Number of protein chains: 2
Amino acid sequence: MAPRSHGVTLEDIAQRVGITRAAASMALAGSSRISEKTKQAVRDVAAELGYVPNSVGRALRRQRAGAIALIVPNTSHHVFGHTYFMHVLTGVSTSANAHDAQVIVSTNADEAGGVSAYERIIRSGTADGVIVTSAAIDDANVEMLVASGLPVVLIGSFPYLPSAMSIGADDVAASTLVTEHLLTVHGRRRLMHVSGPLDHQTGIDRRQGFLAALADHGLGEDAWVVEGDMSEESGAAAVVAALDSGRPFDGVVFANDDMAFGGMQVLRTRGLVVPTDAAVVGFDDFGLARTTTPGITTIRVPAERMAREATDTLFAVLAGQQAGPLHRELPVELVTRGSCGCHVDMP
Amino acid sequence: MAPRSHGVTLEDIAQRVGITRAAASMALAGSSRISEKTKQAVRDVAAELGYVPNSVGRALRRQRAGAIALIVPNTSHHVFGHTYFMHVLTGVSTSANAHDAQVIVSTNADEAGGVSAYERIIRSGTADGVIVTSAAIDDANVEMLVASGLPVVLIGSFPYLPSAMSIGADDVAASTLVTEHLLTVHGRRRLMHVSGPLDHQTGIDRRQGFLAALADHGLGEDAWVVEGDMSEESGAAAVVAALDSGRPFDGVVFANDDMAFGGMQVLRTRGLVVPTDAAVVGFDDFGLARTTTPGITTIRVPAERMAREATDTLFAVLAGQQAGPLHRELPVELVTRGSCGCHVDMP
DNA sequence: ATGGAGTGCTTTATCGATTCAGCAACCGTC
DNA sequence: GACGGTTGCTGAATCGATAAAGCACTCCAT
C-alpha cells in the first residue's frame, strides 16, 4: 500500500509557533506550565493547519488504543445477517461515542495460527476491550478470553462463566411469561415449543421457561419440544414435521420470531388459520414480528439497551471503576399482537 | 483508564533467542538475511509466548493503520437503524477480512471543532481509507473529503462529484422497470409515486425513473409525485393524503419498501385490497418486502455486493492500483410478489 | 593473496505524541 | 544581594515495530 498522505503533526505546529513539540503538546493539553499567550498561539496555528492528533502515535505512547471491538463469532453466522446485530451495533456505538472511542467490528473469521481473533485484536493493542455477542456455550475462545483477564463484557447469559462480566435478558422468565399467556389468557393446552440451538444459553433458557410454565399448569408430563436453529427454515420444518406427525396442537411457542414466521407460513399453506387453529408466539421483536399478518405476539428483547449497558460497563472496567464480576439481566416485555388471538387484525 | 495489560513484544522474543529486536522482526518477516536456524528459533519462541505484533507500533512505523472506516452520516439517522446497513456492513466486512484489515464503524455524530468525523478519522491515522454510505447531496463533508484527496469510495451515485469513486445501483433504470411493470403487465394507468427525500440522489433518481416510464406511455403530463422520507410513517401519510384528496389511483410506486409497507397498511385499514384496488410496488428488498402480506413487488438492490465492491475498490486505491475516478452502477433485479398482482398469495 | 560477493546479524533512526527531569530567567524577600 | 520559589519552556526518553545502513566474517575466483 502507498503511504498515507502526510498529515499535520505537532512538529509542524511547534515550528510555526517557535517552540518544541513538547510545549505544543502541553499547550493543547491545557497544561498550567504553559503561558496563556503560547497556548493561544498554539491553538490558533492548530486550527489554521487543521491539526488532528495522530491517534496511532498517541495510542502507542499512552498504551491504549481508544477503541473497543465488537466481536461476532462466525459460528453463529445467521446472527451477523440478522436485525439483532443492528440493535447491538447501535447500542455499542452510542456508548462508544459518549466515551470518545472508536468501534471496531470484527468477525471471528480467521482462526489460523492458534491465536483467535478474540485474542489477536486485544493482544495487538488494536482495541482496549471487547464486547462479545451471541457466543456459543462451547466457544472455547470466549472462556480463554475471559480467563486471560483482558477487559471483556459479554452480551447474553453465561452462567458457566461466573467470573465473566455480562449483560443479558431474563430469557427464562420471559419465555415463561409468553407461554403463560397462551395457557392462561387463551386457554391453550397442547403447546409445542420450537427451541433455539441448545448450544446457546438462549436456546436452553427459553426452553426452560417454556417447560416451567407447562409444569405450573400440570402439563409438564409430556412436554413437546423440537430443536430448531433460529432460522425461518427450521421453524417451517418443525411445523411441517409436527403436522405430519398427526399429534394435535393448538399453539406453538417459538424461540424467536424468524422461526415463528416460518412456522406461520407453513400453517397458512396447510390451510390452518393463526391464531384460531393454532396460536403462535415468538421472541425478540427486532422488527419482523410487527410486519407479518397476523403480527406475531412476542417478547421484546431490549437488545440496544443491553449493548449500551454492556459497553458502558466495559468502559467502567477500563477506567478501573468496575471491580468484581457482574451479571445483569434486563427486564423484557410481552408484546401482544394477532398471532396469539389478542388483537384481531383488520379484515 | 488503566494501562492495557502488558503484552509480549519483539524485545521479549529477541532476549529469549539472544538476538536483537530487529533480527527478530526480520526473522518473523521471513527475511533472507536471517539464517533458517534463527528464524525457526524465533518462530518457536513467538508461538510459545503467544506473540501478536502490536498493531499500533506497526501502524506508526508503516504509516498506515491497517483499518478502514465505514462512515454513516447522522443526518440520515433512519439509515443506521435500517436493514440496509447490515447488508453494507456484511459486504464491507467481507472485503476487509480478505485484505487483513479492521473495520471501524463510525457515525458522524460529533461535529465539534470544525473538523468533521470524516476528516478526523482519516487525518488521525485511525483508518487508511473510508467508505461513505447514504450521504445527502448537500453534505459538504463528503465534498471536502473527496476534494482532500484522501482515499474514499462512496456507496451510491454522486453525479455532482465527478472526481469521486463510487459504486451505486442504476436507480433510474430500476425505477423505470418497476413502473413499466405496473403499466404494461398490470395495465395500471393512474399511478402515484411516493419519492424519497430529494436531497438524496436516490430520491431524485427513483423519481426520475418513474417519470420516464410514465412519459414513455404518454402519461407524463400530470404525473403524481409526493415526497416522502423513506420512513414507514411517511408512506402511510402519503396514502392517507392521497385517499383524502379524492384523486383516483390504481397503483402506487414507493421509493422503498418501508414506505410501501406503511402505505399498504393504510390501504388495508381503509378497506382497500392490494393489489385489486391499488397495486403497490416498493424498492430495496432488504428483507421486509418478503414478509408482508401480500409480499411487496420490489427492486432488489444488491447492497452487500455494492459494499463489497466499493471496499475492494478502496483497497485497490490504497494499493495504488486504481488511478482515475470511477463510477460503477450494478444491475438490479425486479422481484415480483403479490402486491402488484403477479402472484396471488395463499387464501 | 586479494578483491568482490555473500551471510548473518547489530546499530541506528524513524514514525507522532507525551511525560518527566532540567534549566534558565525573573520575582519578591529578608 | 544572595536565596527560595515560581514561570515557561527545552531536552531526552519512551511506547513497539521496522527499514536501512553498517560491520564482521566466510567463501570463492582471479
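Because the structure is predicted, anything quoted here is derived from the model rather than measured. Below, chain A is the first sequence line, B the second, and so on; all start at residue 1.
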> CZ of B/Arg62 versus P of D/dC15: gap in Å, rounded?
Replying inline: 21 Å
> Is the phosphate of C/dT18, meaning OP1 or OP2, less than 4.0 Å from a side-chain N or O of A/Gln63?
Replying inline: no
> Quick one: is A/Arg58 getting a side-chain N or O under 4.0 Å of the C/dT18 phosphate, OP1 or OP2?
Replying inline: yes
> Which letters describe nucleotides 5-14 of chain D, given B = protein heavy atom under 4.0 Å from base, S = only from sugar-phosphate, - = neither?
Replying inline: --BBBBB-BB
> Atom CG of A/Leu10 and atom P of C/dT19: how far apart are they, to the nearest Å?
Replying inline: 12 Å
> Around A/Arg43, counting heavy atoms of other residues, nucleotides and ligands shown, do more than 12 lie under 6.0 Å from its CZ?
Replying inline: yes
> Going through the checks in order, is the side-chain contact (heavy atoms from CB on, under 4.5 Å) test met by B/Leu326 and B/Thr313?
Replying inline: CA-CA 9 Å; B/Leu326 166 105; B/Thr313 302; 3.8 Å; yes
> Do the side chains of A/Thr126 and A/Ile104 get nearer than 4.5 Å, heavy atoms only?
Replying inline: yes
> Does OP1 or OP2 of D/dG16 have a side-chain N or O of B/Tyr51 closer than 4.0 Å?
Replying inline: no
> Just by distance, do the side chain of A/Asp128 and the backbone of A/Ala65 share a donor-acceptor pair under 3.5 Å?
Replying inline: yes
>> Distance check needed: D/dG16 C1' versus B/Asn54 CG, whole Å only.
In response: 5 Å
> For B/Ile71 and B/Ile131, what are the C-alpha separation, side-chain angles and deciding distance, and is it a side-chain contact (heavy atoms from CB on, under 4.5 Å)?
Replying inline: CA-CA 6 Å; B/Ile71 296 187; B/Ile131 300 286; over 6 Å; no
>> What is the distance, to the nearest angstrom, from the CZ atom on A/Arg64 to the C1' atom on D/dC15?
In response: 14 Å
> How close or far is atom C1' of C/dT19 from atom CG of A/Leu28, stated in whole angstroms?
Replying inline: 15 Å
> Taking side chain as C-beta onward, heavy atoms only, is A/Thr107 less than 4.5 Å from B/Ser93?
Replying inline: yes
